[in-house]
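In this chain, numbering begins with 1 at the start of the sequence shown. Quantities reported herein were computed from a predicted structural model and do not represent experimental measurements.
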Amino acid sequence: MQEIHTPVLLDEVIDAFKDIDNGVIIDCTLGYGGHSEAILEANKNIKIIACDRDIEAIDYSSKRLAKFKDRVEIHRSTFSNLIKQIGHENIRGILADIGVSSLHLDKNERGFSVKSETLDMRMDQTQILDAKFVVNSYTLDELTRIFSEFGELSDARNLAQKIVEFRQTKEITSAKELANLVGLNPIRGKGVAKATLVFQAIRIEVNKELDELKNLLTSIKNLNLKNARIAIITFHSLEDRLVKQAFKEWSKECVCPDFVMKCECGGNHAIGKVLTKKALTASSKEVSKNSRSKCAKLRIFEIDR
């Protein structure tokens with residue numbers, strides 16, 4: 001089967017789960033099945049339960065992973081909804097890759113690329129909100145907010161103003177049109193085009209990606225897992241910050257507020273330990289083969305209650 005997406009940090013993910021010899025590993029973001037396939041091949045006695053919101057990804061991965069028969073179970077769902085449907089007693093690992101896939105970027109009709117003839121960016125194509133609505137309907141303040149928060153653009157208001165003025169003359173209907181409007185030249189010091197960060201901000205807004213990550217982290221904490229390894233890959237500083245902060249909180253024995261002079265909570269609140277003090281990143285060899293791995297960061301946490 002032709003590979004249409006190269007999974008990032010694959011060796012590091014396999015290494016993260018190498019000691020798990022039974023039970024279930026959850027793949028919260030199945031995508032095109034690269035990570036799941038490698039884990040199933042490396043861990044002969046485990047089962048993968050996976051979910052994704054994208055039916056195209058599910059169809060592809062179902063065929064790719066069919067050779068593993070009953071060792072694979074795939075659901076069209078978010079993780080927080082999936083976990084309500086399955087038992088969690090046998091969960092020994094959880095993987096989440098919070099990134100857009102190569103197929104999303106490469107397929108013109110999905111509208112993720114700056115070269116696309118459409119303006120969509122939905123991971124779940126059944127949802128109502130899409131990029132075209134955001135670009136043509138959000139107010140100046142709303143566009144400024146997402147460009148500032150999710151794109152971390154210093155000239156967020158100017159970019160939003162440019163879009164608002166343009167759409168008074170005509171509706172913006174393609175990603176290519178939007179990219180040309182905001183600019184494709186690299187931002188000085190960042191090595192990335194302004195359009196890329198604008199697109200990133202809109203994609204995060206359309207798919208509520210930060211909310212999904214927060215829900216994922218909250219769901220994991222509330223699962224009351226006794227012994228499990230959690231591995232999360234992010235591509236954006238805001239996402240990485242959420243994961244880093246959550247893992248730090250989970251490893252704290254004392255949960256008293258900072259202003260309390262003496263511990264009043266009794267301690268013993270840690271649910272495990274951080275295994276990666278510093279996020280793992282792609283090697284130069286991997287980056288040379290797959291430039292999309294350049295921004296990937298992997299953090300690992302061991303739950304041991």
Side-chain angles (χ1 to χ4, degrees), residues 5 8-9 29 31 97-108 110-123 129-167 172-214 232-245 279 281-282 287 290-298:
H5 172 73
V8 301
L9 298 170
T29 48
D97 176 356
I98 316 296
V100 64
S101 76
S102 298
L103 187 65
H104 286 144
L105 293 170
D106 295 339
K107 290 197 81 170
N108 179 53
R110 298 300 299 267
F112 283 90
S113 165
V114 295
K115 299 177 181 177
S116 293
E117 300 291 344
T118 58
L119 190 53
D120 193 312
M121 301 191 195
R122 292 174 297 172
M123 300 283 190
L129 183 66
D130 63 11
K132 187 177 176 182
F133 180 87
V134 170
V135 170
N136 289 289
S137 304
Y138 272 29
T139 65
L140 175 63
D141 287 343
E142 288 173 324
L143 288 173
T144 301
R145 175 184 61 79
I146 64 171
F147 293 160
S148 177
E149 290 183 12
F150 304 154
E152 299 182 311
L153 285 153
S154 58
D155 57 346
R157 194 162 189 84
N158 289 339
L159 289 166
Q161 184 68 48
K162 189 181 288 188
I163 290 171
V164 169
E165 289 177 359
F166 183 87
R167 72 191 191 197
I172 300 172
T173 58
S174 76
K176 186 186 294 185
E177 190 175 28
L178 176 63
N180 288 330
L181 178 63
V182 298
L184 287 163
N185 293 327
I187 300 173
R188 184 180 299 174
K190 287 194 173 183
V192 61
K194 193 164 290 186
T196 301
L197 296 181
V198 167
F199 275 50
Q200 170 186 283
I202 295 171
R203 195 197 75 224
I204 289 173
E205 173 69 10
V206 168
N207 297 291
K208 305 300 180 194
E209 293 178 23
L210 295 183
D211 290 340
E212 283 298 323
L213 179 55
K214 290 174 186 174
I232 301 181
I233 300 170
T234 61
F235 291 79
H236 187 286
S237 59
L238 291 176
E239 297 167 344
D240 181 57
R241 203 174 303 150
L242 286 173
V243 176
K244 184 180 179 181
Q245 289 173 347
T281 57
V287 173
N290 179 15
S291 61
R292 288 168 182 163
S293 67
K294 185 178 180 181
C295 301
K297 291 184 177 180
L298 170 63

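- How far CD1 of I98 is from CD of E212: 9.0 Å, rounded to the nearest 0.5 Å.
- Nearest heavy-atom pair across G151 and A201 is N-CB, 3.7 Å.
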Which is it for R157 and L140 under the side chain to side chain contact (heavy atoms under 4.5 Å, CB included) test, yes or no, and what are the steps along the way? CA-CA 8 Å; R157 194 162 189 84; L140 175 63; 3.2 Å; yes

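- Atom CD1 of I187 and atom CG of L197 lie 4.5 Å apart (nearest 0.5 Å).
- Atom CG in N108 sits 5.0 Å away from atom OG in S116 (nearest 0.5 Å).
- Under the 4.5 Å side-chain criterion, counting only non-hydrogen atoms from C-beta, K208 is in contact with L129.
- Nearest approach of M121 to R203, heavy atoms of both residues: SD-N, 3.8 Å.
- Atom CG of residue D240 and atom CG of residue L213 lie 10.0 Å apart, to the nearest 0.5 angstrom.
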Determine whether R145 and F150 satisfy the following criterion, side chain to side chain contact (heavy atoms under 4.5 Å, CB included), listing intermediate values before the conclusion. CA-CA 8 Å; R145 175 184 61 79; F150 304 154; 4.1 Å; yes

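- In this structure, L184 and N180 approach most closely via the heavy-atom pair CD1-OD1, 3.4 Å.
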D130 vs L119, test: side chain to side chain contact (heavy atoms under 4.5 Å, CB included). Steps then yes/no. CA-CA 8 Å; D130 63 11; L119 190 53; over 6 Å; no

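- Here the shortest heavy-atom pairing between L9 and A296 reads CD1-CB, 3.9 Å.
- Considering CG of D155 and NZ of K194, their distance stands at 3.5 Å, rounded to 0.5 Å.
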Please determine whether side chain to side chain contact (heavy atoms under 4.5 Å, CB included) holds for the pair R167 and V135, giving the CA-CA distance in whole Å, both sets of side-chain angles, and the decisive distance to 0.1 Å. CA-CA 9 Å; R167 72 191 191 197; V135 170; 5.8 Å; no

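- Salt-bridge check for R122 with D120: passed, with a basic side-chain N closer than 4.0 Å to an acidic carboxylate O.
- In this structure, the side chain of E142 does not engage the main chain of Y138 through any donor-acceptor pair within 3.5 Å.
- Between I172 and F166 the shortest heavy-atom distance is CG1-CD2, 3.6 Å.
- A distance of 6.0 Å separates CD1 in I163 from CD1 in I202, rounded to the nearest 0.5 Å.
- Side-chain contact between E239 and I232 is absent, with no heavy atoms from C-beta onward closer than 4.5 Å.
- Considering all non-hydrogen atoms of both residues, A282 and V287 come closest at CB-CG2, 3.8 Å.
- At least one donor-acceptor pair under 3.5 Å links the side chain of S137 to the backbone N or O of F133.
- Residues passing the ring-ring contact (aromatic ring centres under 6.0 Å, His included) test with F112, sequence neighbours excluded: H104.
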